[in-house]
Amino acid sequence: MRVPLSWLREYVDLPATETGRDVQAKLISAGLEVETVEQHGDGLKGPLVVGQVLTVEELEGFKKPIRFCTVDVGQANGTGEPQEIVCGARNFSVGDKVVVVLPGAELPGGFAISARKTYGKVSHGMICSSDELGMGEDGTHGIIVLPPEHEVGTDAIELLQLVDEVLDIAVTPDRGYCLSMRGVARETAIAYGLPLRDPALLDVPAPNAFGHPVKVADPFGCDRFTARTVTGLDPEARSPIWLTRRLQKAGMRPISLAVDVTNYVMLELGQPLHAYDRSRVQGAIGVRRAEQGERLTTLDGVTRELSTDDLVITDDRGPIGLAGVMGGANSEIDDTEGTTTEVVVEAAHFDSVSVARTARRHKLSSEASRRFERGVDPEAASAAAQRTVDLLVLLAGGTAEAGVTEIIAPSAPHTITVPADHPDKVAGVTYGRETVVRRLQQIGCDVYGQDELLVTVPSWRPDLTDPNDLAEEVIRLEGYENLPSTLPRPLPGHGLTERQRLHRRVGRALAGAGYVEALTYPFLGEAALDQLGLDADDPRRTLVTLVNPLSDEEPALRTTLLPGLLGALRRNDGRGSHDLALFETGLVFRPTGEERIPDRLPVDRRPSKADLAALDAALPRQPRHAAVVLAGAREQAGWWGKGRPSDWADAIQAARTVAGEYGVELTVRAEQHAPWHPGRCAALYALVDGTETLVGHAGELHPRVVKAMHLPERSCAAEVELDVLERAGQGMLAAPRIATFPVATQDVALVVDRAVPAADVEAALREGAGELLESVRLFDVYENAEQLGEGRKSLAYALRFRAEDRTLTVDEASAARDAAVALAGSRTGAVLRG
């Protein structure tokens, strides 16, 4: 809302010394968002006067039309002689009154005017357009042509109201009454403690049976409709300068007298209006819902197919306007032909939700819809209609018909019961009853009662619906800056839960292992699952679809962390970072099919445990996962060595790092599972209550997945379920013990069939070695058909033995090693190499 300060002063007697900046500070303190204060006419210096064109000579021989004019400016030039001016505009003629800037003047932007030779003539000044004076759009292009009644030599700066300040206010949805001069003036009067001259306080004739007939079929959509008629209008009448200037400063373009008057009253009182050419309205004006298949061509020239939810204005032909949004072209006032002499003025109050939905459905936001969406004062309709009639009679020489149509649906004023000390409790400040009552009365409320106040809300404040709204009004008018700054006193907490601590430990462990955390959106689409190569019956294809997704391409919640992480890997690789190791921890969403739609929770009480349990039952299963992706070099090359690329073993090790934070030892088995490479995929298991349970998978991605997702070659990934690891864990991790006795190391090389997993051999060695075994590590894999035989391989392990109470002898270490080798031989067919 753009508010000219000169217009605002008509309703509030502001001190003469108050500037726009001062008013801005006051209104901001009262809670309004005054974004800027524009200085109109800043830097403008006279003489700028009204002149009359005496002669026009067309200059030939130039690329564009040039005219040499003489203009009568009276005594403004000090001589009374005609002023010689060169001008390129062509929208004026001899005898027209124009605006002339004389040498010595300065236009906005520091443009100094002086006599200068141009096009072979000396130009003593300039004939001005609205753009050159910073007046804004006036609906024309070219020189300002003034009405003939203005005297030559008159000061045009004052005549055109060029010097002013305009406050630009960002009106929030709950403060719709401030989309009017009346609303802003009320706030200004309260802020300064001055009386308000309410422009809506007009003498309005009582409704009678002689007005234009109106039929309202939907009293909920339209609870008030006022119709007034003005006849005998002068079709040649034009909007006066003061009216067009106020519209321009408020950001609206002057169009025609009737339209300008309705826009002016809308800006003044906040009530949108519409003027119909009565000769183009057939029969009674009606208000109803649109019928299926109806069409309407609106004033913007677009033919729109209407919905049955649209509220429309009709006559005997059908729709003639979208109620509260825009009028129809079939009843508009056409001043281009100058034939409109009778006007029907509509001032109605429409349901805000209906108007908002219609405006959004047709993508047709207008000044009227903006106001109706935020709430318009229904009591102002008759005053706005009267104000419009008065201006049309005054400016167009019309006559107001005695008929007054007013249809009002029965309604009662909204009342709120609030304790007198409620604002004190909300703000933590003692205001007292007198202050609370005074502030509520200032905003227009009627207040009764002592300790318990009965507050009747004014009709222009539909946003005041409960006691907290009233408390906010008291607080903002008393000044937010006067509220003491106090820190809240939090209750003593219990710190992080065990699950939260484990979650943080996982992140720290992966970060310490060289991974970088990437937070991705929890959304995916079927296309991502297709790229991963998941089978049609894969559980990860059972999705939870969102009702209002951010993107139609990703309408569902993720069932795996890999699509988001692999997308981050692809983007980073495409931007030049080729050695990557990323991780993410978060929830995935796995519906079970047993979810049901929960009941709507009550708002008058705290939900019970049963209510919350029903909500939880309606949710899909949401396990917490951790995932890593790798590409490029895992160890950089340098003077210390050649480095090496990341591979499937690094992905498995990342899963083991995560499991180690839970105190869980993973069992690794080869498996085929999308999206991993069939021969380089490991299934990870852990013991949960004595049962081996799948934790996740790790390995190298399938080449088809790498190609489909445009990933670096040999990209690897791992994903594990943290909830399973938490159940498999032993609770709090025990600190490592410092050994006081030396370790005994024994190496063994075992030859087995190539198909025997190294993990099976390792498990047999662990079990066979007994309690003395501290660790076992595979450090070499060797295959040579000539030495080992066809289809055979050699696995070399380092076995570390240690006792807690003594130093082991060679015989004890050797016996433990032999027992381990014997069990591995019986289970896997392993034999000692050599």
With the side chain counted from C-beta on, respond yes when [X] and [Y] share a heavy-atom pair under 4.5 Å apart, and no when they do not.
X      : Y      : value
Thr188 : Leu27  : yes
Val50  : Glu151 : no
Pro199 : Arg182 : yes
Pro240 : Leu395 : yes
Arg238 : Pro147 : no
Pro108 : Asp42  : no
His274 : Leu299 : yes
Ile190 : Leu477 : yes

Short N-O contact, [X] and [Y], less than 4.0 angstrom:
X      : Y      : result
Lys249 : Glu165 : no
Asp13  : Arg197 : yes
Arg2   : Glu38  : yes
Asp377 : Arg461 : no

With Met126, which of Val99, Val100, Leu107, Leu48 fulfils side-chain contact (heavy atoms from CB on, under 4.5 Å)?
->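 Only one of Val99, Val100, Leu107, Leu48 forms a side-chain contact (heavy atoms from CB on, under 4.5 Å) with Met126, namely Leu107.
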Val344: which of Arg278, Arg280, Glu401 passes side-chain contact (heavy atoms from CB on, under 4.5 Å) | Arg278
Do you see a donor-acceptor pair shorter than 3.5 Å between the side chains of [X] and [Y]?
X      : Y      : result
Thr297 : Thr303 : yes
Tyr177 : Arg175 : yes
Gln442 : Arg439 : yes
Thr399 : Thr231 : no

What residues form a side-chain contact (heavy atoms from CB on, under 4.5 Å) with [X], not counting sequence neighbours?
X      : value
Ala323 : Leu311, Ile313, Phe350
Val163 : Ile157
Val145 : Asn91, Phe92, Asp96

Using modelled atom types only, decide if a donor and an acceptor are shared between the side chain of [X] and the backbone of [Y] within a distance under 3.5 Å.
X      : Y      : result
Ser29  : Ala25  : no
Gln24  : Val34  : yes
Asp260 : Ser239 : no
Lys97  : His150 : yes
Thr226 : Ala381 : no
Arg228 : Ala347 : no

Could you give all pairs that pass the ring pair (Phe, Tyr, Trp, His ring centres under 6.0 Å) test and reach residues 225-256, with sequence neighbours left out?
-> Trp242-Tyr264
Qualifying ring pair (Phe, Tyr, Trp, His ring centres under 6.0 Å) pairs with a residue from residues 382-405, counting only residues at least two apart or across chains |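 Applying ring pair (Phe, Tyr, Trp, His ring centres under 6.0 Å) to every pair that reaches into residues 382-405, excluding sequence neighbours, yields nothing.
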Give the C-alpha distance, both sets of side-chain angles, the deciding distance and a yes or no for side chain to side chain donor-acceptor pair (under 3.5 Å) between Gln248 and Arg253.
-> CA-CA 6 Å; Gln248 288 173 334; Arg253 180 172 61 88; over 6 Å; no
ring-ring contact (aromatic ring centres under 6.0 Å, His included) partners of His349, counting only residues at least two apart =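 Per chain and number, His349 pairs via ring-ring contact (aromatic ring centres under 6.0 Å, His included) with no residue.
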Sequence neighbours left out, what passes ring-ring contact (aromatic ring centres under 6.0 Å, His included) with Tyr119? Give chain and number order.
->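 Expected list: Phe62.
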How far apart are the C-alpha atoms of Thr118 and Ser123, what are their side-chain angles, what is the distance that settles it, and do they pass the side chain to side chain donor-acceptor pair (under 3.5 Å) test?
-> CA-CA 7 Å; Thr118 178; Ser123 182; over 6 Å; no
So with a 6.0 Å cut-off around CD of Gln282, is the heavy-atom count from everything else above 12?
->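 Atom CD in Gln282 is crowded, with more than 12 foreign heavy atoms closer than 6.0 Å.
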Atom CD of Glu158: over 12 foreign heavy atoms under 6.0 Å | no
Specify the closest pair of heavy atoms between [X] and [Y], including all atoms of both residues, with the distance to one decimal.
X      : Y      : value
Arg374 : Val171 : NE-O, 4.3 Å
Ala115 : Val122 : CB-CG1, 4.5 Å
Ser366 : Val325 : OG-O, 2.6 Å

Side chain to side chain contact (heavy atoms under 4.5 Å, CB included) between Asp277 and Glu342, intermediate numbers included | CA-CA 6 Å; Asp277 186 335; Glu342 297 182 347; 5.5 Å; no
Under the side chain to side chain donor-acceptor pair (under 3.5 Å) rule, what do Glu373 and Ser352 come out as? Steps first, then yes or no, please.
-> CA-CA 4 Å; Glu373 288 173 10; Ser352 59; over 6 Å; no
Should Leu267 and Arg371 be marked as a side chain to side chain contact (heavy atoms under 4.5 Å, CB included) after you check the CA-CA gap, both sets of side-chain angles, and the distance that decides it?
-> CA-CA 10 Å; Leu267 292 172; Arg371 286 163 173 80; 3.6 Å; yes
Apply the test side chain to side chain contact (heavy atoms under 4.5 Å, CB included) to residues Leu247 and Asn263: give CA-CA distance (whole Å), side-chain angles for both, the deciding distance (0.1 Å), then the verdict.
-> CA-CA 8 Å; Leu247 291 177; Asn263 286 337; 4.1 Å; yes
Ring-face cation contact, Trp460 with Arg186, 6.0 Å cut, 45° max = yes
When you look at Leu146 and Leu159, which way does the side chain to side chain contact (heavy atoms under 4.5 Å, CB included) test go after all the steps?
-> CA-CA 10 Å; Leu146 299 172; Leu159 175 66; 4.1 Å; yes
Arg116: what forms a salt bridge (Lys or Arg N to Asp or Glu O under 4.0 Å) with it, not counting sequence neighbours?
->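 Here no residue qualifies.
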Which residues pass the salt bridge (Lys or Arg N to Asp or Glu O under 4.0 Å) test with Arg476, sequence neighbours left out?
->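 Partners of Arg476 under the salt bridge (Lys or Arg N to Asp or Glu O under 4.0 Å) test: Glu187, Glu473.
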I would like to know whether Glu379 and Arg224 meet salt bridge (Lys or Arg N to Asp or Glu O under 4.0 Å); could you show each step before the answer?
-> CA-CA 9 Å; Glu379 302 292 335; Arg224 184 181 292 260; 3.3 Å; yes
Residue pairs fulfilling salt bridge (Lys or Arg N to Asp or Glu O under 4.0 Å) with at least one residue in residues 386-396, sequence neighbours excluded | Glu268-Arg387
Can you run down the salt bridge (Lys or Arg N to Asp or Glu O under 4.0 Å) pairs that involve residues 68-89, sequence neighbours left out, and say none if there aren't any?
-> none
Got a sec, which residues hit side chain to side chain donor-acceptor pair (under 3.5 Å) with Ser129, two or more places apart in sequence or on another chain?
->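 Result, side chain to side chain donor-acceptor pair (under 3.5 Å) vs Ser129: Glu132.
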